Number of protein chains: 2
Amino acid sequence: MVDTVAESRDPAVEAALDKAAEACAARGGQMTELRRQVLRLILSARAPVGAYALLDQLRAARPGAAPPTVYRALEFLQEQGLVHKVERLNAFVGCAGPDAHHHCGHGHDHPHQFLICGRCGATTEVCDDRVAHAVADAARATGFVPHRTTVEVEGLCAACALAA
Amino acid sequence: MVDTVAESRDPAVEAALDKAAEACAARGGQMTELRRQVLRLILSARAPVGAYALLDQLRAARPGAAPPTVYRALEFLQEQGLVHKVERLNAFVGCAGPDAHHHCGHGHDHPHQFLICGRCGATTEVCDDRVAHAVADAARATGFVPHRTTVEVEGLCAACALAA
DNA sequence: TCCGGGCTGATATAGTGTAACGCCCGACCG
DNA sequence: CGGTCGGGCGTTACACTATATCAGCCCGGA
């Protein structure tokens, strides 16, 4: 075995990492090795990952890693719009890449919604403008000035709904 | 001082507690003294309250109270629709009273949204059908079967927006 | 009487997130 | 060159949030 446990190195993930680094640089952010490692772990996971799960995996490459190590990386990645937190799960998912949402006219701080399958744990991000507008309108109707919005739906994904 | 610290005993809160107890009983739930105390603390607060803040206050009346004491009460109150959790804050707020939402045709498990002021901490619950429908529609469009929805908007409340 | 379920007490532990200090290093400037 | 300033990271310690588990109590029904 040439590759160690930590490396499944999906080429698609590596490509996404390179694109992310590029996007960061364009905004004045530095995609350091640590941040890249954390983002790789998130993008390689099939479901949202908890901070401490990331920490465990990270220690393979960085024995000295501690909670602040991963939380600081996560904070950066969230600011860059590369990662979102799923509040209901206290876990993190990669954003398909902000670029993937350019079609709906949003930048890297785009509004998004999560569909969380309570059975298989799959969490998919959608980007629905009607939802975003409805929420913003409802807020503004009360004089509230919206800044950031969290929308998370728990239920059954299409596959699990059929299986059930 | 006749009343001790723990008792501000807002008559409106007491009335809400009585109504809540009634509503619980109608559904087969028991509003015990402990649960009533926890609900009173939540309804008396101006902002969402953390479980451990509740615990601290609760200990005035129940020296032996421990985390499970308050979490069990909270679980019951949430099931009864008397309390909601604000995920972004890991804190709990009283529901205006499910009855307050009968006007929009929902029962005690009604869809709701939170407007969280990042400056003063005030958190208001709204009940907007367009939002609820937009979210449900967006989810169903992907074959997802929605079960429970969390919508939380962080921003500035009307008062703070003016002050800022 | 005995059983069972719901509620609470009590202890222990798991999981999530931050504060605070200090070091290194590279950028920038006099 | 020397200084210093800021960002990123290591490290320790701690705060906050949540749950598992076992035991005791009360009450209503068989």
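As the structure is a computational prediction, the values presented were derived from the model and not from experiment. Within every chain, numbering begins at 1; the chains are lettered A, B, ... in the order of the sequence lines, protein sequences first and strands thereafter.
- Nucleotide D:dC16 holds its C1' atom 14 Å from the CG atom of B:Leu54, rounded to whole Å.
- The closest donor-acceptor contact from the side chain of B:Glu152 to the backbone of A:Val151 lies at 3.5 Å or more, if one exists at all.
- The CG-C1' distance, from B:Asn90 to C:dG15, rounds to 12 Å in whole Å.
- Atom CD in A:Glu87 sits roughly 14 Å away from atom C1' in D:dT17 (whole-Å rounding).
- What separates CZ of B:Phe76 from C1' of D:dT19 is a distance of 20 Å, to the nearest Å.
- Note: CG (B:Leu77) to C1' (C:dC7) measures 14 Å, nearest angstrom.
- The backbone N or O of A:His112 lies less than 3.5 Å from no partner atom in the side chain of A:Glu125, so there is not a single donor-acceptor pair.
- The OH-P distance, from A:Tyr52 to D:dT17, rounds to 14 Å in whole Å.
- Regarding B:Asp56, its CG atom lies at a distance of 11 Å from the C1' atom of D:dC16, rounded to whole Å.
- A donor-acceptor contact under 3.5 angstrom links the side chains of A:Gln37 and A:Arg62, judged on distance only.
- To the nearest 0.5 angstrom, B:Leu58 atom CG is 11.0 Å from B:Arg40 atom CZ.
- With respect to B:Asp18 and B:Arg36, a salt bridge is recorded, a charged nitrogen being found less than 4.0 Å from a carboxylate O.
- Summarising the geometry, the separation between CZ on A:Arg59 and C1' on D:dC9 is reported as 15 Å, rounded to the nearest angstrom.
- C:dT18 has no base stacking with the ring of A:Tyr71 when judged by centroids under 5.5 angstrom apart and an interplanar angle below 30°.
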Collect all protein-nucleotide pairs involving nucleotides 8-11 of chain C in which both atoms are nitrogen or oxygen and the distance is under 3.5 Å.
{"from": "C:dT8", "atom 1": "OP1", "to": "B:Thr32", "atom 2": "OG1", "distance (Å)": "2.5"}
{"from": "C:dG9", "atom 1": "OP1", "to": "B:Arg62", "atom 2": "NH1", "distance (Å)": "3.0"}
{"from": "C:dG9", "atom 1": "N7", "to": "B:Arg72", "atom 2": "NH2", "distance (Å)": "2.8"}
{"from": "C:dG9", "atom 1": "O6", "to": "B:Arg72", "atom 2": "NH1", "distance (Å)": "3.4"}

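- With hydrogens and angles disregarded, a donor-acceptor distance shorter than 3.5 Å links the side chain of B:Arg27 to the backbone of B:Gln80.
- The phosphate of C:dT16 has neither OP1 nor OP2 within less than 4.0 Å of any side-chain N or O from A:Lys85.
- The side chain of A:Gln30 places an N or O atom within less than 4.0 Å of a non-bridging phosphate oxygen (OP1 or OP2) of D:dG8.
- Checking side-chain atoms of B:Thr142 against main-chain N and O of B:Ala139 turns up a donor-acceptor pair under 3.5 Å.
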